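What you see is a predicted model, and the numbers here were worked out from it, not measured in a lab.
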Amino acid sequence: MLVDVPIDAACTREEIFGPVVTVETFSAEDEAVLRANNVPLGLSASVWTSDARRSHDVAARLDAGTVWVNSHLVLANEVPWGGFKGSGYGRDLSIYALDDYSRTKHVMHYHGR
């Protein structure tokens, strides 16, 4: 656990694969969203609140492929898993994973002549 992490610290801008969490302080909700989105990565995020309306609003504003509310790292095969920005391409799990194995093509025939 890294506490009192300053803005733009390397540990907030790079993916650390391991049991690491950064604790950052903020004064307003907008500042928290800005800090969370002001990174080149966007794999996942968590929103912790007892206010359901706030949780939906903040989750919608976060630029991350997965956002959990009052939990973290809960996965299910029915929902897509994958990041935004520099945190990967495509989706694992769910029907969206099939997109990596298929191509769609549109062929239009004109029968007017």
Side-chain angles (χ1 to χ4, degrees):
M1 180 178 294
L2 306 172
V3 297
D4 297 325
V5 176
I7 295 174
D8 291 332
C11 63
T12 65
R13 304 195 57 76
E14 300 171 6
E15 284 183 316
I16 301 173
F17 291 98
V20 175
V21 64
T22 62
V23 178
E24 303 172 57
T25 59
F26 55 91
S27 300
E29 182 178 293
D30 287 340
E31 180 187 358
V33 171
L34 178 70
R35 288 183 69 165
N37 290 338
N38 192 29
V39 295
L41 306 164
L43 183 57
S44 62
S46 294
V47 175
W48 298 85
T49 180
S50 60
D51 184 332
R53 183 169 292 158
R54 173 179 267 178
S55 73
H56 288 284
D57 178 59
V58 172
R61 294 167 53 204
L62 290 172
D63 196 14
T66 299
V67 179
W68 290 279
V69 175
N70 297 333
S71 65
H72 191 77
L73 208 55
V74 177
L75 299 175
N77 289 334
E78 300 81 13
V79 294
W81 165 254
F84 290 172
K85 302 188 275 187
S87 289
Y89 163 81
R91 293 290 171 265
D92 293 331
L93 307 175
S94 83
I95 196 164
Y96 295 103
L98 296 176
D99 289 342
D100 285 339
Y101 302 100
S102 61
R103 295 188 323 172
T104 59
K105 181 186 281 189
H106 180 127
V107 177
M108 178 67 75
H109 286 256
Y110 175 68
H111 296 284
R113 357 185 214 160

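Ala64 and Phe84 get closest at one heavy-atom pair: O-CE1, 3.3 Å.
Shown here are the salt bridge (charged side-chain N to carboxylate O under 4.0 Å, His left out) partners of Asp92, two or more places apart in sequence or in another chain: there are none. With sequence neighbours left out, Glu15 forms a side-chain hydrogen bond (donor to acceptor under 3.5 Å, both in side chains) with Ser87. For Ser55, there are no side-chain hydrogen bond (donor to acceptor under 3.5 Å, both in side chains) partners at least two apart in sequence or on another chain. Partners of His72 under the ring pair (Phe, Tyr, Trp, His ring centres under 6.0 Å) rule, at least two apart in sequence or in another chain, are Trp68.
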Exercise for review: Begin from the C-alpha positions of Leu62 and Val47 and carry the test side-chain contact (heavy atoms from CB on, under 4.5 Å) through to its verdict.
Suggested key: CA-CA 9 Å; Leu62 290 172; Val47 175; 3.7 Å; yes
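Remark: of the listed residues Val39, Leu43, Leu41, Val39 is the sole one forming a side chain to side chain contact (heavy atoms under 4.5 Å, CB included) with Lys85.
Distance check, rounded to the nearest 0.5 Å: CD of Glu29 to CZ of Arg61 gives 5.0 Å. Between the OG1 atom of Thr22 and the CE atom of Met1 there is a distance of 10.0 Å, given to the nearest 0.5 Å.
Side-chain atoms of Arg91 come within 3.5 Å of backbone atoms of Gly83 as a donor-acceptor pair (strictly under, hydrogens ignored). Asp4 contributes no side-chain N or O that, together with a main-chain N or O of Val23, makes up a donor-acceptor pair within less than 3.5 Å.
Remark: Leu73 CG is packed, more than 12 non-hydrogen atoms of other residues, nucleotides or ligands lying under 6.0 Å away.
Val79 is not connected to Val74 by any chain of hydrophobic side-chain contacts under 4.5 Å among Ile, Leu, Val, Met, Phe, Trp and Tyr, and they are in different clusters.
Screening residues 31-41 for side chain to side chain donor-acceptor pair (under 3.5 Å) gives Glu24-Arg35 as the qualifying pairs, with residues at least two apart or on separate chains.
Hydrophobic cluster of Leu2: the remaining members, joined at side-chain heavy-atom separations below 4.5 Å, are Val5, Ile16, Val20, listed by chain and number.
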